[in-house]
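Numbering of residues begins at 1 and proceeds along the displayed sequence.
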Amino acid sequence: IKKELRFIDFSKPEVYNESTVHNYAERGKKMLKVQTFGSLEITYGNTPILLGKNNVTKAMRLLVILIYSGKQGIARNKLLSELFENEELSNAANSLRVTSHRLKKTLAEAGFPEHEYITSKGGYYYWDCPIKTQVDSREFESLIAKAKNAETIPEKIDLLERALELYKGEFLAKMSAEEWVIMESLRLKNMYTEAMKEVCDYLMQARDYEEVLRLVEHACNIYPFDEW
């Protein structure tokens with residue numbers, strides 16, 4: 001499959017904030033949590049979803065792409081290209097069926113309720129999950145967006161600080177060679193950098209130097225060659 005450099009324009013899937021997550025947990029229902037910043041971790045309730053020793057198998061990549069694509073879905077050709085770039089189209093289509101079956105089997109073994117999970121319609125593939133899903137990078141974006149509409153400066157800074165706490169490392173670091181990950185990682189890093197500057201400027205004016213140091217040390221651990 002011929003692969004072209006492109007940016008997959010992911011729409012934002014449904015994001016569940018902290019209060020929603022807490023209320024859902026109180027009702028005794030398991031959630032699907034996806035950590036994309038730093039190490040990739042996917043858990044269902046307290047059960048980690050393991051799809052291979054290195055955690056970046058085809059099945060895991062398929063799961064991540066579908067979840068991150070959200071309600072917009074991803075075009076079949078793009079999905080095939082991302083997962084099976086060096087295979088012929090017919091072979092890639094068969095490999096996708098095999099990978100989808102393997103993923104569904106793994107989800108069942110992790111205790112997921114019986115469901116289709118992967119659906120296709122009109123040339124697009126979608127993650128169809130009845131379970132509430134929390135994705136840290138989507139929550140990060142949601143907090144940044146809320147900060148822009150905050151009515152007061154302290155409220156804005158609080159939202160930005162909460163967003164910064166979610167940024168534990170580069171976006172999907174173990175998948176950093178994939179073109180869509182590179183583009184998305186750069187976009188999220190720019191959001192992180194802008195939030196860092198705004199929060200640190202505010203804290204410096206408030207003479208909260210200890211908190212500034214903590215935030216900058218964390219940023220330096222992630223991006224040691226950047227100036228903070």
Kindly indicate, with the supporting measurements, whether the criterion side-chain contact (heavy atoms from CB on, under 4.5 Å) is fulfilled by Glu165 and Glu161. CA-CA 6 Å; Glu165 291 300 321; Glu161 285 186 311; 5.7 Å; no

I'd like to know whether Glu211 forms a salt bridge (charged side-chain N to carboxylate O under 4.0 Å, His left out) with Arg214, so could you lay out the CA-CA distance, the side-chain angles of the two residues, the decisive distance to 0.1 Å, and finally the verdict. CA-CA 5 Å; Glu211 180 64 8; Arg214 186 186 71 83; 2.7 Å; yes

Test Tyr117 against Leu66 for side-chain contact (heavy atoms from CB on, under 4.5 Å), laying out the working first. CA-CA 10 Å; Tyr117 292 105; Leu66 290 175; over 6 Å; no

Might you work through the side-chain contact (heavy atoms from CB on, under 4.5 Å) test for Ile65 and Trp127, ending with a clear yes or no? CA-CA 9 Å; Ile65 290 173; Trp127 173 246; over 6 Å; no

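Considering Leu103, Ile67, Thr57 in turn, Leu103 is the only one that fulfils the side-chain contact (heavy atoms from CB on, under 4.5 Å) rule with Leu62. Results of the side-chain hydrogen bond (donor to acceptor under 3.5 Å, both in side chains) test with Lys104 over His115, Glu114, Glu116 single out Glu116 as the only residue that passes.
Leu164 and Val216 end up in the same hydrophobic cluster when Ile, Leu, Val, Met, Phe, Trp and Tyr side chains are linked at under 4.5 Å. Trp180 is not connected to Tyr124 by any chain of hydrophobic side-chain contacts under 4.5 Å among Ile, Leu, Val, Met, Phe, Trp and Tyr, and they are in different clusters. Linking Ile, Leu, Val, Met, Phe, Trp and Tyr whenever their side-chain heavy atoms come within less than 4.5 Å leaves Leu213 and Met204 in two separate clusters. One hydrophobic cluster, built from ILVMFWY side chains closer than 4.5 Å, cannot hold both Ile182 and Ile222; they sit in different ones. Grouping the Ile, Leu, Val, Met, Phe, Trp and Tyr side chains by contacts below 4.5 angstrom, directly or via other members, places Tyr223 with Leu166.
For the pair Leu160 and Ala147, the tightest heavy-atom approach, listed with the atom from each and the gap, is CD2-CB, 3.6 Å. Scanning both residues, Tyr44 and Pro113, for their nearest heavy atoms gives OH-CD, 3.4 Å. When all heavy atoms are compared, the tightest approach of Phe37 to Ser137 is CE1-CA, 3.5 Å.
Within 6.0 Å of CG in Asn190 there are more than 12 heavy atoms belonging to other residues, nucleotides or ligands. Taking a 6.0 Å sphere around OH of Tyr126, one finds it holds more than 12 heavy atoms contributed by other residues, nucleotides or ligands.
Listed for the Thr133 side chain is a donor-acceptor partner under 3.5 Å among the backbone atoms of Ile131. Between the side chain of Ser176 and the backbone N or O of Ala173 there is at least one donor-acceptor pair closer than 3.5 Å. Using a distance-only test at 3.5 Å, with no hydrogens or angles considered, no donor-acceptor pair links the side chain of Ser142 to the main chain of Arg138. Asp136 contributes a side-chain N or O that, together with a main-chain N or O of Thr36, makes up a donor-acceptor pair within less than 3.5 Å. A side-chain donor-acceptor contact under 3.5 Å links Ser100 to the backbone of Leu96. Using modelled atom types, no side-chain atom of Arg61 and backbone atom of Met175 make a donor-acceptor pair closer than 3.5 Å. The backbone N or O of Leu188 sits nowhere less than 3.5 Å from a side-chain atom of Glu184 that would complete a donor-acceptor pair.
Between Phe140 and Phe171, the ring centre distance reaches or exceeds 6.0 Å.
Between Ile42 atom CD1 and Thr47 atom OG1 the span is 13.5 Å, to the nearest 0.5 Å. One finds the CD atom of Glu178 at 7.5 Å from the CG atom of Leu83 (value rounded to the nearest 0.5 Å).
In this view, Arg207 and Tyr209 satisfy the side-chain contact (heavy atoms from CB on, under 4.5 Å) rule, not counting sequence neighbours.
Salt bridge status for Lys121 with Asp128: absent, with no side-chain N to carboxylate O gap under 4.0 Å. Ionic pairing of Glu139 and Lys33 is not present here: no N-O contact between side-chain nitrogen and carboxylate oxygen is shorter than 4.0 angstrom.
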